[in-house]
Colleague: 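Before we start, here is the structure in question, set down as structure tokens.
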Number of protein chains: 2
Amino acid sequence: MSNLDLTFQALADPTRRAMVERLAKGSCSVSELAQPFAMSLPAVYQHLQMLEASGLVASEKIGRVRTCRMEPAAMSLAETWINRRRTDWEARLDRLGAHLQRFPEGEPK
Amino acid sequence: MSNLDLTFQALADPTRRAMVERLAKGSCSVSELAQPFAMSLPAVYQHLQMLEASGLVASEKIGRVRTCRMEPAAMSLAETWINRRRTDWEARLDRLGAHLQRFPEGEPK
DNA sequence: TCCACACTTAAGCATTTGCCTAAGTATAAG
DNA sequence: CTTATACTTAGGCAAATGCTTAAGTGTGGA
């Protein structure tokens with residue numbers, strides 16, 4: 001499974017996106033991360049593991065507290081992939097427009 | 001299911017991302033879209049339906065040929081969501097940096 | 001009219017996801 | 001030493017995913 005697979009998969013769940021939103025405001029413990037959600041701690045923990053597997057989040061355990069933080073690099077990879085497709089699409093539209101300007105209703109080549 | 005759910009879910013699959021990459025280069029029929037993949041046409045068709053459900057792709061049938069095209073608006077929504085988290089995270093780092101400059105090793109408030 | 005072509009629908013199946021409860025483990029406070 | 005805290009692991013289960021093959025439907029060419 002490529003990293004983009006894991007990253008987009010991680011972002012596809014609303015709970016995990018909310019967790020990323022929380023971590024974008026600042027690092028916190030697993031319990032703090034779980035607090036807003038009406039679900040068991042193991043469920044939150046599993047979401048956290050998917051976020052870590054994707055690279056979107058990293059964490060470190062000190063004593064009995066695991067502190068989680070956002071990892072913007074994985075974020076950028078996903079953002080860049082999307083941006084690239086938009087660029088391709090726009091470049092194609094530009095070429096098409098330029099062509100139509102020279103050959104109105106002409107054959108598409 | 002929110003639109004972001006469907007969008008990121010759609011982008012989580014490598015086949016669907018490849019389909020988006022193909023469409024970013026220009027519109028094409030379902031068969032053309034299916035051609036690079038070692039899977040049945042119904043399978044490709046199901047992927048296409050997920051891409052349409054997310055809004056990433058739109059299509060129109062003329063005669064017996066369905067032509068698919070990329071829909072950049074849904075793309076932008078996903079890109080914007082990611083970008084926003086990065087912005088939040090960077091703003092937090094900036095505030096932290098400014099604070100540490102005034103209170104080196106000081107209490108975090 | 002007949003038939004091939006380009007999808008499209010339906011049904012089935014193995015795997016993955018997203019939760020749960022119960023039962024751990026390790027650290028820190030009393 | 002005992003207990004509470006903060007995760008962590010394990011097992012189970014219903015629903016969703018990503019395919020498959022088989023059997024349609026509608027269009028257009030011969």
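Keep in mind it's a predicted model, so treat the numbers as computed, not measured. In what follows, chains carry the letters A, B, and so on, assigned in the order in which the sequence lines appear, proteins first and then strands, with residues in each chain numbered from 1.
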Colleague: If the cut-off is 4.0 Å, is B/Tyr45 near the phosphate of C/dC7, judged by side-chain N/O to OP1 or OP2?
Modeller: no
Colleague: Would you list the pairs meeting side chain to side chain donor-acceptor pair (under 3.5 Å) in which at least one residue belongs to residues 46-58 of chain A, sequence neighbours left out?
Modeller: A/Arg16-A/His47, A/Glu52-A/Ser59
Colleague: Assuming nearest nucleotide by heavy-atom distance, tell me which of A/Ala38 and B/Val65 is located more 5' along DNA chain C.
Modeller: B/Val65
Colleague: Could you please name the option among C/dA11, C/dT8, C/dC19 that lies closest to any side-chain atom of B/Gln46?
Modeller: C/dA11
Colleague: So, is A/Lys61 near the phosphate of D/dA6, with a side-chain N or O under 4.0 Å from OP1 or OP2?
Modeller: no
Colleague: Could you list the residues that satisfy side-chain hydrogen bond (donor to acceptor under 3.5 Å, both in side chains) with B/Lys61, not counting sequence neighbours?
Modeller: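 side-chain hydrogen bond (donor to acceptor under 3.5 Å, both in side chains) list for B/Lys61, sorted by chain: empty.
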Colleague: Considering just the side-chain nitrogens and oxygens of A/Ser29, establish if one lies under 4.0 Å of OP1 or OP2 belonging to D/dC7.
Modeller: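 Yes, A/Ser29 has a side-chain N/O under 4.0 Å of OP1/OP2 on D/dC7.
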Colleague: Whole angstrom is fine here: how far is it from CG in A/Leu48 over to P in C/dG18?
Modeller: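 Going from A/Leu48 (CG) to C/dG18 (P), I get 14 Å.
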Colleague: How close or far is atom P of C/dT17 from atom CD of A/Gln49, stated in whole angstroms?
Modeller: 13 Å
Colleague: Is any side-chain N of the basic residue among B/Asp88 and B/Arg92 closer than 4.0 Å to the acidic one's carboxylate O?
Modeller: no
Colleague: Which of the following nucleotides, C/dC20, D/dT8, C/dT17, is nearest to the side chain of A/Met39?
Modeller: C/dC20
Colleague: Any side-chain heavy atom of B/Thr67 within less than 4.5 Å of one from B/Cys28?
Modeller: no
Colleague: Between atom CE in A/Met19 and atom C1' in C/dG18, what is the gap in whole Å?
Modeller: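 Atom CE in A/Met19 sits about 13 Å away from atom C1' in C/dG18.
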Colleague: Which residues pass the side-chain hydrogen bond (donor to acceptor under 3.5 Å, both in side chains) test with A/Arg64, sequence neighbours left out?
Modeller: none
Colleague: Rounded to the nearest angstrom, tell me the gap between atom CE in A/Met50 and atom P in C/dC19.
Modeller: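 For the pair A/Met50 CE and C/dC19 P, the rounded distance is 11 Å.
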Colleague: Detail all sub-3.5 Å separations between protein N/O atoms and N/O atoms belonging to nucleotides 21-30 of chain D.
Modeller:
| unit_1 | atom_1 | unit_2 | atom_2 | d |
| --- | --- | --- | --- | --- |
| D/dT27 | O2 | B/Arg64 | NH1 | 3.1 |

Colleague: Kindly state each residue pair satisfying salt bridge (charged side-chain N to carboxylate O under 4.0 Å, His left out) with at least one member in residues 71-83 of chain B, sequence neighbours excluded.
Modeller: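 Qualifying pairs: A/Arg86-B/Glu79, B/Arg69-B/Glu71.
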Colleague: CG of A/Asp13 versus C1' of C/dT16: gap in Å, rounded?
Modeller: 14 Å
Colleague: Could you check which of D/dT8, D/dG18, C/dG18 has an atom nearest any side-chain atom of B/His47?
Modeller: D/dG18
Colleague: Look at the side-chain N and O atoms of B/Ser31 and state whether any lies under 4.0 Å from the OP1 or OP2 oxygen of C/dC7.
Modeller: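 The answer is yes; a side-chain N or O of B/Ser31 sits under 4.0 Å from OP1 or OP2.
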Colleague: Name all residues meeting the side-chain hydrogen bond (donor to acceptor under 3.5 Å, both in side chains) criterion together with B/Trp81; count only those two or more places apart in sequence or in a different chain, and write none if there are none.
Modeller: A/Glu21
